[in-house]
Each structure stands twice: as structure tokens, then as C-alpha cells.
Amino acid sequence: DDALSAAARRGSAAPPPRTCHLVAVTTSTGARHQVRAMLARLCAGAAVAGDLRYGDDAALSPLPDASVALHARSIYMPTVALGTTDTSAPFVAPVPRLWGDLFGLYEEDVAAME
């Protein structure tokens with residue numbers, strides 16, 4: 001895994017003992033809990049890290065900050081100018097810094113994947 005090997009070169013903390021995957025999901029709605037519920041159902045036993053609501057309680061444990069490892073990386077919001085709609089410029093948010101310690105995943109690793 002390129003992200004984990006990049007983190008290892010930086011001498012960061014070891015990843016958690018369970019296997020974690022970075023998944024990119026695109027939705028057309030902002031339905032509450034949509035991604036969490038779908039991943040838990042479609043990928044049995046592979047819910048979002050820290051998701052005690054939809055995950056298997058025996059397999060998951062809370063993250064140290066009690067969050068769910070779900071992040072809106074980019075959001076496209078239409079802008080209107082002279083009758084046209086432009087969605088080419090997304091708002092982009094960096095990955096949470098805590099993810100470096102928890103998962104060995106850093107902003108520069110994710111940016112390199114885009």
C-alpha cells in the first residue's frame with residue numbers, strides 16, 4: 001500500500017492491527033448516514049472505522065476522539081454565471097491530521113492519489 005509505505009518512510013506510528021482501506025465514494029445526495037449504512041451492509045464486517053452505529057460492535061472500537069473515520073474530501077457546489085452552471089471548482093478539505101497517527105494516512109498521500 002503506497003500510503004502506508006510513505007507513512008513508514010516518515011517514521012509515523014504503526015497502523016492499527018485491523019486491515020483498513022481508503023474508499024472513495026461519490027453520491028448525488030447528502031442523505032444522512034447514506035454512506036455509512038451502505039458500506040456496512042454491502043461490505044459485511046467492513047464498516048467505517050469507529051462507526052459503532054452501523055458496524056459490528058464486536059469488531060469495531062471507538063476512535064480515540066470518538067469520531068467516525070468518514071471525511072467529505074471534496075464537495076462540488078454549482079455556481080451560476082450568465083446562465084451557465086459551473087461545477088468544475090470543488091471545495092477540498094484536507095484529511096484529518098489524526099488519521100496520520102491512526103491509519104498512517106496523510107494529506108500528501110491522498111493528494112497524490114487524485
Side-chain angles (χ1 to χ4, degrees):
D1 180 11
D2 292 335
L4 292 179
S5 59
R9 287 192 299 276
R10 286 190 295 274
S12 64
R18 64 179 176 247
T19 300
C20 295
H21 301 278
L22 180 63
V23 178
V25 177
T26 302
T27 65
S28 59
T29 68
R32 191 176 159 141
H33 302 281
Q34 176 183 4
V35 173
R36 294 167 61 192
M38 287 177 23
L39 287 174
R41 173 124 176 140
L42 296 175
C43 308
V48 176
D51 191 349
L52 302 179
R53 175 175 290 192
Y54 292 100
D56 177 2
D57 289 341
L60 289 174
S61 58
L63 297 180
D65 64 351
S67 69
V68 173
L70 186 64
H71 175 64
R73 172 78 177 153
S74 60
I75 298 175
Y76 292 84
M77 298 182 69
T79 57
V80 179
L82 299 174
T84 63
T85 302
D86 178 19
T87 59
S88 60
F91 292 93
V92 178
V95 298
R97 289 184 183 154
L98 180 62
W99 288 14
D101 295 332
L102 295 177
F103 309 114
L105 183 68
Y106 296 87
E107 173 59 26
E108 58 269 21
D109 302 324
V110 175
M113 293 179 204
E114 296 178 319

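Quick caveat, the model's predicted, so the values are computed rather than measured.
Looking at every heavy atom in both residues, Leu52 comes nearest to Pro62 through CD1-CG, 3.8 Å. Considering all non-hydrogen atoms of both residues, Ala93 and Ala72 come closest at CB-O, 3.9 Å. The shortest non-hydrogen separation linking Val95 to Glu107 is N-OE1, 2.9 Å.
The main-chain N or O of Val92 is never found under 3.5 Å from a side-chain atom of Arg73 such that the two would form a donor-acceptor pair.
Side-chain contact between Thr27 and Val35 is present, with heavy atoms from C-beta onward closer than 4.5 Å.
Rounding to the nearest 0.5 Å places CG of Leu39 at 10.0 Å from CD of Gln34. The distance from atom CG of Leu102 to atom CG of Leu63, rounded to the nearest 0.5 Å, is 6.0 Å.
In the hydrophobic clustering of ILVMFWY residues, with side-chain heavy atoms under 4.5 Å counting as a link, Leu70 and Met38 come out apart. Note: the hydrophobic cluster containing Phe103 also contains Met113 (ILVMFWY, side chain heavy atoms under 4.5 Å, direct or indirect links).
Taking the six-membered ring for Trp and thresholds of 30 and 60 degrees, Trp99 and His71 have ring planes more than 60 degrees apart, a perpendicular arrangement.
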